[in-house]
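Please read these numbers as outputs of a predicted model, since none were measured by experiment. Per chain, numbering begins at 1; letters A, B, ... match sequence-line order.
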Amino acid sequence: MSEQVRVRFAPSPTGYLHVGGARTALFNWLFARHTGGKFILRIEDTDAARNTDAAMQAIYDGLRWLGLDWDEGPLVGGDCGPYLQSERGAIYERHAGKLRASGHVYADENGALRFRLPRKLVVMEDLVCGHIEVDRGKSQNRDGSPEADMTIRRADGGWIFHFVNVVDDIEMKITHVIRGEDHLSNTPKHLELFAALGAPPPRYAHIPLILNKDGTKMSKRDQGASVAGYIAGGYVSEAVRNFLCLLGWSPKDDREIMPIAEVIERFDPAQINRKAAHFDLEKCDWLNQHYILQMPLETLAEKVGPWLQKAGINYGTNATLLPVLALVRERLKKLSDAPAWMDYFFTEEFAFDPEASAKVLSKPNALDHLRALNAAYASQSGWNAAALETALKSAATVAGVKVGEFVHPARLAATGRSVGASLYHTLEVLGRERVLARFDRALTKLSA
RNA sequence: GGCGCGUUCGUCUAGAGGCCUAGGACACAGCCCUCUCAAGGCUGGUACACGGGUUCGAAUCCCGUACGCGCUACCA
């Protein structure tokens with residue numbers, strides 16, 4: 001009979017939600033969902049000078065966007081709150097008082113509270129990194145002097161990360177700490193604190209960091225570093241989440257595109273790699289494109305809608321949007337690509353790409369072919385892709401040229417572009433009236 | 001400097017002593033399909049950091065070196 005798993009994601013609202021942080025949150029969430037445990041969000045905002053409300057909001061927005069719902073934490077509450085460290089002063093005071101009474105903590109000459117380091121051998125079993133021994137007596141400062149006792153509260157009363165992190169993990173009954181490898185070297189300190197507080201420590205799993213593709217550390221400016229960047233960049237959240245699952249973890253059987261339910265089922269922290277993952281946005285893009293291609297058309301319509309609106313495209317309802325989306329979706333790498341591929345379906349005010357025009361008109365008799373096609377389509381009986389194709393091909397045969405000689409002018413006239421989806425299907429979706437009107441207009445415009 | 005962690009194609013990874021002349025994916029190249037652009041299909045090139053052991057046999061175990069990363073704060 002094992003206790004219920006309780007894990008937490010404990011970000012500091014000092015900037016933006018980093019993709020590495022998002023993956024840490026994701027792995028915690030996966031573990032909680034896999035085990036039927038609880039995923040807790042705790043905001044570590046002890047450094048008042050560096051915290052911002054915007055950063056806090058970015059954390060909430062990013063987690064929600066990725067579908068990482070928390071069972072306890074800000075906005076949802078829970079039995080172990082408050083979940084903002086800035087509101088937990090009394091709790092820290094209580095624990096510090098205990099340590100003071102037991103002689104583990106003392107006030108130094110400046111008024112800061114310091115924890116007397118035991119300086120002994122610390123042994124830990126990390127779920128990812130395995131057996132680790134650290135002789136704390138050997139710890140040194142950069143200048144080679146022995147490590148000083150750890151500050152747990154500043155002279156100004158502000159609490160220090162290591163202490164509040166441990167106190168909260170105790171208070172919130174955290175059973176497993178899954179966090180970035182940058183904390184591996186901090187863990188011995190935390191273990192010393194747990195021992196001094198008389199509390200059993202949680203199990204630890206330190207996951208490797210995410211670096212840029214070239215191995216350098218990611219910073220805010222780097223492509224793909226911020227979750228907000230994916231939201232603003234037209235990524236599908238399921239694709240980004242899928243990509244993040246594969247950074248440091250794999251199902252071991254070559255599966256890559258996986259529904260989240262399957263990842264939850266198969267996720268095991270002990271299988272996480274120990275090597276830092278270099279971040280390849282191109283693979284994320286590929287997954288994104290794949291998700292756009294595979295998701296139900298209605299779902300895609302919901303995701304694309306806001307992007308079209310933002311571009312001022314009035315696409316009507318699903319009845320008008322879906323057929324267009326079905327045509328162009330396999331050309332979309334990002335949701336943000338949609339307006340450029342779709343605008344001419346919803347307005348007569350589309351522009352003619354100068355390069356496309358020049359290219360088409362450079363061919364001999366291009367406008368004559370368009371005229372011939374216009375005439376043929378004017379008496380077209382069935383307005384569907386197959387019939388339109390037959391008609392165009394026979395017109396080309398009559399003219400004694402290849403189909404391309406008819407297709408390109410027609411595409412230019414109907415869409416203003418040289419590239420796009422299947423011409424016949426495009427014309428079908430556009431409908432007879434609009435196509436014939438566009439042909440007429442193009443003949444006038446391009447003859448000039 | 002000290003302590004800790006790591007090192008398989010450019011990148012994500014499979015590989016837990018013989019199944020590895022190292023598998024998959026992204027990217028790249030070529031071909032096919034084709035009205036363009038995509039999508040899709042097929043084919044191809046590129047990797048076990050280095051040096052010592054252990055063993056009949058090592059990508060896999062051990063040691064060393066190199067390189068990378070982390071911690072070493074009254075940041076988190």
Check every strand shown and say whether A:Arg274 touches a base, only sugar-phosphate, or nothing at a heavy-atom separation below 4.0 Å. sugar-phosphate
Is the gap between the ring centers of A:Trp249 and A:Phe267 under 6.0 Å? yes
Considering just the side-chain nitrogens and oxygens of A:Ser139, establish if one lies under 4.0 Å of OP1 or OP2 belonging to B:C71. no
Using atom P in both nucleotides, what's the gap between B:C9 and B:U60 to the nearest angstrom? 14 Å
A:Tyr204 atom OH is separated from B:G4 atom P, nearest whole Å, by 19 Å
Can you tell me how far P in B:U65 sits from the matching atom in B:C19, rounded to whole Å? 32 Å
Length of the line joining A:Leu293:CG and B:G41:P, which is rounded to integer Å: 11 Å
Is A:Asn186 close enough to B:A76 that one of its side-chain N or O atoms is under 4.0 Å from OP1 or OP2 there? no
Between B:A25 and B:C42, how many Å separate the two P atoms, rounded to a whole number? 9 Å
Over how many whole Å does the gap from A:Arg411 atom CZ to B:U34 atom P extend? 16 Å
Would you indicate, yes or no, if B:A14 has its OP1 or OP2 atom less than 4.0 angstrom from a side-chain nitrogen or oxygen of A:Asn273? yes
Atom-pair distance (NE2 on A:His183; P on B:C69), nearest Å: 18 Å
Between B:G2 (C1') and A:Asp135 (CG): distance, integer Å: 12 Å
Value in whole Å for how far the C1' atom of B:U11 lies from CD of A:Glu256: 12 Å
Closer than 4.0 Å, any side-chain N/O of A:Lys213 to the OP1 or OP2 of B:U11? no
Whole-Å distance separating the NE2 atom of A:His278 from the P atom of B:C26: 21 Å
In whole Å, I'd like the distance from the CG atom of A:Asn165 to the P atom of B:A76. 10 Å
What interatomic distance, in whole Å, is found between P of B:C12 and the corresponding atom of B:C48? 16 Å
Please determine whether a side-chain nitrogen or oxygen atom of A:Ser418 lies at a distance below 4.0 Å from atom OP1 or OP2 of B:U36. no
